[in-house]
Protein chains: 2
Amino acid sequence: MERHEEVLVALRRIIRAIDLQSRQLLQRSGLTGPQLLTLQAILRHGPLGVGGLARLINLSQGTVTTILDRLERKNLVARSRSTTDKRRVVVTLSADGEQALASAPTLLQEHFIRAFSELSDWEQNLILSSLQRVAGMMDAYKLDAAPVLETDELNGPFSI
Amino acid sequence: MERHEEVLVALRRIIRAIDLQSRQLLQRSGLTGPQLLTLQAILRHGPLGVGGLARLINLSQGTVTTILDRLERKNLVARSRSTTDKRRVVVTLSADGEQALASAPTLLQEHFIRAFSELSDWEQNLILSSLQRVAGMMDAYKLDAAPVLETDELNGPFSI
DNA sequence: CAGAAATATTTTGAACTCAAAATACTTCTT
DNA sequence: AAGAAGTATTTTGAGTTCAAAATATTTCTG
């Protein structure tokens, strides 16, 4: 097996572990990972537009809309149209939302956080920078690809 | 921001990049990432039961069933009941499936594979072992919960 | 051998995710 | 001011994912 395939296997394990954690979270607190992440982002950054929120948590706008639908149904957030620019929808935390956040579990499994914290400083840094490096290599294309869409790149590196 | 939170941010970027790659794949070849992964596993390991397939690619049995539904609808795989043990469903690649696999793109973006391959040997190993370490810390609990899998179609606990 | 326990798979119900199309509003141009 | 162009959000349609319940078969036990 080539090394980049082993990378994929490791990533699939990680992705699955995160998904399972999200489902456990739902059982314990009624909030899934993405929902909790969304609430945390609003808490940290204050009232936000949907687009800004999406960029902050690395999700598409449409995805954030459906997450907000669920949070709104549970009365954890409120949506309101901005008065200055009525195209914008501003999302705020409700009192219930703050309450839910305060009592919510962590997004990563407790035992992962513990294990990670017990690593030495340089090991933590090594792991973090490896992850950031992989992330950078994977989403690098977004930076140069967006402007180039006009040119006929359809027969480019990804053709069948 | 604490370091384990930065870990989560990096992981979210990676997860998103992989999802987007899967959708590009679908545009170009008609197969999504999980579908391609499933076909590859069958090619490598020969006809498989659904459960073995699920363990091989780190997905639940129910998930694999829905993926197989789509692959079967496209005539890329065939399901048949095992004659020796009729509880089991055996999945095989069709001729079309082999053909599709032969002409399919890679699961990771070409440019990621290129960038990764250009790293020095020790850098590749460093990244791979960091990912494996994170994966291990995340799904460690499963090992206590579920005893050893002893299936003859499974070479190692997480091989693809 | 008949019923119970175990194993394998599918179905069901809910959440997440995206691209692309549709909608709503603002700002720029003429 | 009227229409065009741009920006922000939601809707639509499809795929992925899981746990838990339902179904199908086999193997064990009395």
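All chains are named by letter (A, B, ...) in the order of the sequence lines, taking the proteins before the strands, and each is independently numbered beginning at 1.
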>> Just N and O in the side chain of Thr32(B): are any of them under 4.0 Å from OP1 or OP2 of dG15(D)?
In response: no

>> Side-chain N or O of Thr65(B) versus OP1/OP2 of dT10(C): is the shortest distance under 4.0 Å?
In response: yes

>> Measuring to OP1 and OP2 of dC18(D), would you say a side-chain N or O of Ser60(B) lies under 4.0 angstrom away?
In response: yes

> For residues 67-80 of chain B, which residues have at least one heavy atom under 4.0 Å from DNA chain D?
Replying inline: Ile67(B), Arg70(B)

> Mind checking what makes side-chain contact (heavy atoms from CB on, under 4.5 Å) contact with Arg44(A), not counting sequence neighbours?
Replying inline: Met1(B), Glu5(B)

>> Between the base of dT17(C) and the side chain of Arg16(B), is one N or O donor paired with an acceptor at under 3.5 angstrom?
In response: no

> What integer distance in Å separates Leu25(A):CG from dA14(C):P?
Replying inline: 19 Å

> Is it the case that Thr38(B) and Gln35(B) place a side-chain donor and acceptor less than 3.5 Å from each other?
Replying inline: no

> Do Arg88(A) and dT9(D) have a side chain to base donor-acceptor pair shorter than 3.5 Å?
Replying inline: no

>> Quick test of your reading of the model: are Lys74(A) and Asp69(A) salt-bridged, counting only N-O distances below 4.0 Å?
In response: no

Between protein and nucleotides 20-28 of chain C, what N or O pairs are separated by less than 3.5 Å?
unit_1: dT26(C); atom_1: OP1; unit_2: Lys86(A); atom_2: N; d: 3.2

> Looking at Gln24(A), does any N or O in its side chain come under 4.0 Å of the phosphate oxygens OP1/OP2 on dA19(D)?
Replying inline: no

